[in-house]
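Beneath this line is the structure, given in structure tokens, with notes to follow.
Protein chains get the first letters and strands the later ones, always in sequence-line order, with residue 1 at the start of each. No experiment lies behind these values; they were computed from the predicted model shown.
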2 protein chains.
Amino acid sequence: MTTDGRLARGARTRTAILDAAVALATEAGLDGLSLGQLAETLGVSKSGLFAHWRSKEELQLATIERAREQWSEQVIAPALRVPRGIRRLWALHEARLDFYAAAVLPGGCFFGNAEFEYNARSGPVRDRLAEALTEWIAFVERLGAEAIAAGELEPDVDVRQLAYEFEAFGLNAALRSRLLAPESAYVFARRAVLDRLRALCTDPTLLPEDSR
Amino acid sequence: MTTDGRLARGARTRTAILDAAVALATEAGLDGLSLGQLAETLGVSKSGLFAHWRSKEELQLATIERAREQWSEQVIAPALRVPRGIRRLWALHEARLDFYAAAVLPGGCFFGNAEFEYNARSGPVRDRLAEALTEWIAFVERLGAEAIAAGELEPDVDVRQLAYEFEAFGLNAALRSRLLAPESAYVFARRAVLDRLRALCTDPTLLPEDSR
DNA sequence: ACAAAGAGCACGATCGGTCGGTTTGTTTGT
DNA sequence: ACAAACAAACCGACCGATCGTGCTCTTTGT
């Protein structure tokens, strides 16, 4: 740190900029993200941002990649530390809700917000978001297939349908976290997934109690 | 109509303006709605809009009310023509998906988009959106209670939880209608609700086949 | 004649983006 | 070892476009 409190030279890296961009875009939207506000937050001039990215669109794409990294570290990684099967599926959903509940990003879900924004549009940003969503669904689907292979999920379960339903619950929790009564969105999302897993699994003792 | 193709005087009513506002806001967002674009679409000068509403915020609130009217006419009313019980619940969900699929509003769901936009904000618009969402959830909950009273739904079903889950499926279908593979979002939403109703109802013959 | 609806224009603010110049850290030549 | 050379990082000022909004004047229906 320098004496004036600003970041020292070199510490003002692309990653630091993108972390701030993710936070701002989560609240204001990926398009509503203001380069002026972002620069001001970082204590950097607006034109300085254009030294790293040639246009706002390039910065948006880089912001998406950074948000994916955060998602991998804070949602996917904790779930992968749990043995594969039903419990990993549940851990993934729990990590997701915890990620939303964390006060770091009070605006809900970066990807949910961005996907809503770009649902009816076209261009590279929309394509990247659609690609990320498809990959995410496929990942959850794979965890479901692993649970079947482990004999913890009924073999006739449609894992793609299951992944879609989990996604719906997670998205709804992120979206309505502020609009519905506080926390109730998370409680409903927990119960919905837990009920669904309990109905489809071969050994209910692998799942936690429904106490919450 | 006048000879230049514009709307005749008096036909340029508040309702006509608000219908256009709903359509534009569904695509661009309630905040991204441009008064200039709206005026141009209607063949009206921008300042003419301020004869009806004193500010953009007032117009946004009026737009929300108009969207609620459309929702009542095109989603709620068709369901209420079906006898109360399981079939009405299913009819409501089908009418909702049909409403999304209609090409009139290709931008997805007006309310879903607006709720996403205002999830992390405050003010009268946010409050009105939250109120509308609460009322909607309560309405679906009431249909569930009616189905229990009619003996068509298991009496121990948590109708509030059920309403929440249906909302999650509907929202996800609206959001991802363009991002996921075409139509697949609707197919998943249909199956999810149908499976859920089939598991909880007392007489499965009341529900349609799972052929689709 | 009168009131409402609308047109036209101008305003301040903010947006993404550009340009020229300055600072800084690293590399290279000797 | 030391300074010249270079490229990346960064700043302040500025541009054109668009935004919401207020003002004045004209048109129109009753």
Side-chain angles (χ1 to χ4, degrees), chain A residues 1-22 24-25 27-64 114 117-118 121 123-126, chain B residues 1-22 24-25 27-64 114 117-118 121 123-126:
Chain A
M1 297 281 284
T2 55
T3 53
D4 60 355
R6 290 187 177 179
L7 291 174
R9 186 178 191 84
R12 212 176 285 162
T13 60
R14 297 166 69 104
T15 302
I17 297 176
L18 291 179
D19 279 337
V22 169
L24 285 178
E27 291 196 40
L30 200 49
D31 221 59
L33 169 65
S34 161
L35 297 187
Q37 190 183 352
L38 175 61
E40 193 183 5
T41 301
L42 292 162
V44 166
S45 73
K46 203 170 46 168
S47 57
L49 298 176
F50 286 88
H52 296 279
W53 302 276
R54 273 172 298 189
S55 67
K56 183 180 184 179
E57 188 177 89
E58 280 194 8
L59 189 143
Q60 288 173 325
L61 290 171
T63 303
I64 293 176
E117 235 183 322
Y118 281 83
R121 303 191 195 179
V125 174
R126 188 219 91 105
Chain B
M1 300 282 282
T2 56
T3 52
D4 60 356
R6 289 186 178 178
L7 290 174
R9 187 180 194 82
R12 217 175 284 162
T13 60
R14 298 166 68 101
T15 302
I17 296 176
L18 291 180
D19 279 338
V22 169
L24 286 178
E27 291 197 39
L30 200 49
D31 222 58
L33 168 67
S34 160
L35 297 186
Q37 189 183 354
L38 175 61
E40 193 183 4
T41 301
L42 292 162
V44 166
S45 74
K46 208 169 38 165
S47 59
L49 298 176
F50 286 87
H52 297 280
W53 302 276
R54 275 171 297 186
S55 67
K56 184 182 185 180
E57 187 177 270
E58 281 194 8
L59 190 143
Q60 289 174 323
L61 289 170
T63 303
I64 292 175
E117 232 182 324
Y118 281 84
R121 303 191 195 179
V125 174
R126 189 220 91 106

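- In terms of modelled atom types and a separation under 3.5 Å, the side chain of Q60(B) and the main chain of L30(B) share a donor-acceptor contact.
- L38(A) places its CG atom 12 Å from the P atom of dC11(D), with the value rounded to the nearest Å.
- OP1 or OP2 of dA8(D) has not a single side-chain nitrogen or oxygen of H52(A) nearer than 4.0 Å.
- Heavy atoms of other residues, nucleotides or ligands lying less than 6.0 angstrom from CD of E58(B) number more than 12.
- A straight line from CG of D31(A) to C1' of dT18(D) spans 14 Å, rounded to a whole angstrom.
- Put simply, the side chain of K56(A) gets close to the backbone of L33(A): a donor and an acceptor are under 3.5 Å apart.
- For R54(A) (side chain) and F50(A) (main-chain N/O), no donor-acceptor pair under 3.5 Å exists by modelled atom type.
- Rounded to an integer number of Å, the gap from NZ of K46(B) to P of dC23(D) is 16 Å.
- Spacing between atom NZ of K56(A) and atom P of dA17(D) amounts to 18 Å, rounded to whole angstrom units.
- In this entry the distance linking CD of E57(A) with P of dC15(C) reads 19 Å, nearest Å.
- Both L35(A) and S47(B) sit near DNA chain C, but only S47(B) has its closest nucleotide nearer the 5' end.
- The CD atom of E40(A) sits 10 Å away from the P atom of dT14(C) (whole-angstrom rounding).
- Proximity of S34(B) to the phosphate of dC19(D): a side-chain N or O atom is located under 4.0 Å from OP1 or OP2.
- The distance from atom CG of L59(A) to atom P of dC15(C) is 15 Å, rounded to the nearest whole Å.
- Rounded to an integer number of Å, the gap from F50(B) CZ to dA7(C) P is 14 Å.
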